[in-house]
Structures are given as structure tokens and as C-alpha cells.
Amino acid sequence: MKHEFRMAERPGTAKTEKEEPEVVEGGSKQDDHQHDTLKYSLLGPSLTKAGQDSVDQSKVSEIIYNASKGSKFFNREEVKDKILTQKIEQILEKKRRLEKLDLTRELRAADQLITQLEVSRDLTQYIVHVDCDAFYAAVEQLDRPELKDVPFAVGGGVLTTCNYLARKFGCRSGMAGFVAKKLCPNLLLLPLNFDKYTSKAQEVRQVLAQYDPRFESASIDEAYLNITEYCAEHNMTPEDTVQQMRNVIHEKTKITVSAGIAANSKLAKICSNMNKPNGQYVLPNDRNAIMNFMRDLPTRKVNGIGRVLERELQEIGIKTCGDIYPQRQLLVRARTYFFDCGTTSFLS
DNA sequence: ATACATACC
DNA sequence: TACTGGTATGTAT
């Protein structure tokens with residue numbers, strides 16, 4: 001299970017209170033909360049990526065915190081975290097204010113929006129999101145097979161990616177090289193060879209084109225395909241089609257890829273992460289199945305929801321996508337600050 | 001119109 | 001010692 005690390009579950013409150021018994025205005029608890037949110041933030045943007053399931057994230061965050069304390073980067077993160085904490089206080093205040101009002105109109109508006117979405121729901125297409133596994137690392141390993149058993153990463157000051165052995169130590173893309181070395185002292189750091197990755201990506205794309213000539217590359221190692229036609233023409237299920245495609249990619253390029261299959265690209269993107277590495281996941285084109293899937297899905301898994309939005313949502317009681325529904329009357333007109341539509345415009 | 005923040009790889 | 005660099009998007013002023 002991912003997301004095992006929870007800020008509130010971290011011990012340490014008592015300790016800080018002992019060290020700072022003189023703190024006024026009840027600050028020490030809040031300071032601890034700040035440390036916790038900061039440490040969580042320091043885990044980085046790729047926290048929910050594959051390969052971290054068995055890693056104790058609170059230990060990792062402790063090491064990252066101590067390794068980077070005092071650095072320019074750290075100080076910037078600390079400031080950002082404080083600003084976000086203030087922003088959240090405003091959000092909570094607005095929420096409390098709005099909850100005292102009659103929000104029948106907003107509830108109806110939200111339900112109307114949902115109805116519109118239901119009407120436009122299209123379950124006729126099979127969309128695939130393909131994602132190469134630890135792409136740069138995999139390409140490097142083709143040239144140096146002996147790397148199979150050593151934890152290594154690709155990148156200079158910052159890891160662009162690392163193999164799954166390194167991930168077991170808590171290493172991740174986006175992490176500073178020296179921090180990664182603290183987590184995994186034997187980590188081997190390789191320089192980037194962009195040309196190699198580009199030409200290998202071309203090989204993968206040649207296979208993809210066989211299944212959907214109009215596929216779209218989302219990055220060097222990611223693509224979206226619509227395999228509806230292919231499945232119909234070959235009388236194959238989406239699952240078999242993608243399994244076959246992944247086999248062919250492996251045969252021709254020696255690269256393993258993961259895939260998600262669903263009714264639209266946003267869902268497919270979420271699904272490609274479910275069985276990483278070298279796996280695939282089918283979300284049936286069935287309303288019930290999709291609803292059940294989304295209900296318990298942590299918001300952070302949705303593309304576009306990162307560290308900041310995840311925390312803002314969590315603080316107003318939304319951890320999973322299913323948590324949104326009971327608060328839809330509050331969220332319906334939300335823009336950045338979820339409740340940042342003045343009371344006046346609400347009542348007019 | 002411009003600057004800044006967030007997010008993605 | 002030391003925390004990418006490029007693009008896209010949305011928000012704030």
C-alpha cells in the first residue's frame with residue numbers, strides 16, 4: 001500500500017515541547033505540524049511513483065530532512081510550506097463561513113454539472129497509456145547488463161531516474177544526488193546519454209504505430225493510443241491486444257513497458273501505474289467499475305494533483321476522489337482557493 | 001501583460 | 001559541498 005506515511009502519525013510532539021517549554025501562543029504543536037508537512041513535502045513530487053511500496057517513508061523523510069537542512073533548497077521549501085499553511089488557514093476559515101449558509105442552490109448546481117457529465121460519458125473507446133519502466137536506467141542497462149544487480153541512477157546533481165533496486169532504498173527521480181547517496185551509499189551515478197534514449201524511444205514508437213498510427217507521445221517514454229479500431233479489426237480484447245503489444249515491444253527493443261487500459265486517457269494514465277513495472281491494468285468500460293475504482297483512489301494519483309493540491313484537499317477532509325461528492329456544494333464554484341468566491345457573489 | 005506558482009517528465 | 005531544465009497551465013496583480 002502506498003501512502004503509508006501520514007503526517008499526523010509521526011511521533012515527536014512531546015520531544016519538541018520538552019525542548020521548547022517557553023513557547024508562547026501555543027506555538028510548539030503548530031511548529032511540529034509545520035515540520036511534519038515540510039518533511040512530507042521534502043519527499044518530493046514523485047512520491048507516489050512505483051517501487052516505493054515496501055519503503056518506510058518516515059525514515060526516508062528523516063534522512064532527506066537531515067541531509068538537506070540549511071541548504072538553499074531547504075530554506076526555499078520551508079518558506080513555501082509556511083505560505084501554504086497560511087493559505088490553508090484561509091481556506092478553512094472560508095469553509096466554516098460557507099457551511100453556515102444555505103447552499104441548496106450550490107448543491108443543485110453541482111448535481112446539474114454531474115448530470116451533464118453523465119450524459120456526455122463515452123464508454124465506447126479503448127484508450128491505452130503506455131509508460132516505459134525506469135526508461136533511462138533500462139536503456140543504460142542494455143549496454144551494461146552487469147548493472148542488473150547494483151542500485152544505480154541516471155543524472156547529475158539530480159536523479160532523472162533510478163532502477164528498482166535503488167528505489168528500495170527510497171531513491172527517486174527528482175532527488176538530489178547527494179541525498180540519494182545518503183539513502184543508498186552504494187548508489188552508482190551514471191551520466192545522461194540523451195541521444196541513446198531518443199533513439200530507443202523511436203524504436204518503441206515504431207511498435208506503437210502498428211496498433212494506432214495516430215498515437216500521441218506525451219513525453220520521451222510515454223504515449224497514448226486508441227486501440228478501439230485495432231481490437232475490432234483483429235477481433236481481440238483490449239487486454240490481449242495490449243499484452244501482445246508489450247510482448248512485441250520487449251522482443252524488438254528489450255525494454256519493458258507498463259500500460260493502463262480504460263475508457264479515456266485520464267483513467268488510462270492512472271491505470272498504467274497500477275502494475276508497474278512490466279505490468280498492465282484494465283479498468284473495464286463500465287460505469288460501476290469506474291465509480292468503484294475512483295471512490296477509494298487517493299487524489300494524488302490523479303494527473304495534475306501534486307504536493308500542494310493534495311495537502312489543500314486533505315486539510316478540508318478530502319483524501320480520496322470519493323470524498324469529493326459529499327462536499328460538492330462547497331466545491332462547485334471553486335477556483336484556486338476552493339471557497340474563494342465571495343459570499344456576495346454566492347448570494348446574488 | 002506580466003510574474004509567479006504548480007505540476008509534469 | 002551539493003537540489004535539473006524544459007514545457008504547459010492556471011492564478012495573481
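All heavy atoms count here, side chains included; hydrogens, waters and symmetry mates do not. Each chain gets a letter, A, B and so on, in the order its sequence line appears, and its residues count up from 1.
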Please list, for nucleotides 1-5 of chain C, all pairs of protein and nucleotide N/O atoms separated by less than 3.5 Å.
residue	atom	partner	partner atom	Å
C:dC3	N4	A:Ser68	OG	2.9

**OP:** Only counting residues at least two apart or in another chain, list the ones meeting salt bridge (charged side-chain N to carboxylate O under 4.0 Å, His left out) with A:Arg295.
**Re:**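 Per chain and number, A:Arg295 pairs via salt bridge (charged side-chain N to carboxylate O under 4.0 Å, His left out) with no residue.
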
Original post:
Can you list the residues that meet the salt bridge (charged side-chain N to carboxylate O under 4.0 Å, His left out) rule with A:Asp212, with sequence neighbours excluded?
Top reply: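 Per chain and number, A:Asp212 pairs via salt bridge (charged side-chain N to carboxylate O under 4.0 Å, His left out) with no residue.
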
Original post:
If you look only at pairs with a residue in residues 171-189 of chain A, which of them pass as a salt bridge (Lys or Arg N to Asp or Glu O under 4.0 Å), with sequence neighbours excluded?
Top reply: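 For residues 171-189 of chain A: none.
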
Subject >> Residue pairs fulfilling salt bridge (Lys or Arg N to Asp or Glu O under 4.0 Å) with at least one residue in residues 244-260 of chain A, sequence neighbours excluded >> reply: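 Of all non-adjacent pairs touching residues 244-260 of chain A, none passes salt bridge (Lys or Arg N to Asp or Glu O under 4.0 Å).
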
Original post:
Any luck finding a side-chain donor-acceptor pair between A:Thr37 and A:Arg307 under 3.5 Å?
Top reply: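 Checked: A:Thr37/A:Arg307 side chains show no N/O donor-acceptor pair below 3.5 Å.
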
**OP:** Would you mind listing every ring pair (Phe, Tyr, Trp, His ring centres under 6.0 Å) that reaches into residues 238-283 of chain A, with sequence neighbours excluded?
**Re:**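 Pairs touching residues 238-283 of chain A that pass the test: A:Tyr281-A:Phe293.
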
Subject >> Any pair counted as ring pair (Phe, Tyr, Trp, His ring centres under 6.0 Å), so long as it reaches residues 251-273 of chain A, sequence neighbours left out >> reply: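 Residue pairs passing ring pair (Phe, Tyr, Trp, His ring centres under 6.0 Å), neighbours aside: none found.
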
**OP:** Take atom P in C:dA2 and the same atom in B:dA7, then report the distance between them in whole Å.
**Re:**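 The answer is 27 Å between these two P atoms.
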
**OP:** Assign a letter to each nucleotide of nucleotides 3-9 of chain B from its 5' end: B, base within under 4.0 Å of a protein heavy atom; S, sugar-phosphate only; -, no contact.
**Re:** ---SSSS

Subject >> Members besides A:Val79 in its Ile/Leu/Val/Met/Phe/Trp/Tyr cluster (side-chain heavy atoms under 4.5 Å) >> reply: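 Under the 4.5 Å side-chain rule, A:Val79 groups with A:Ile83.
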
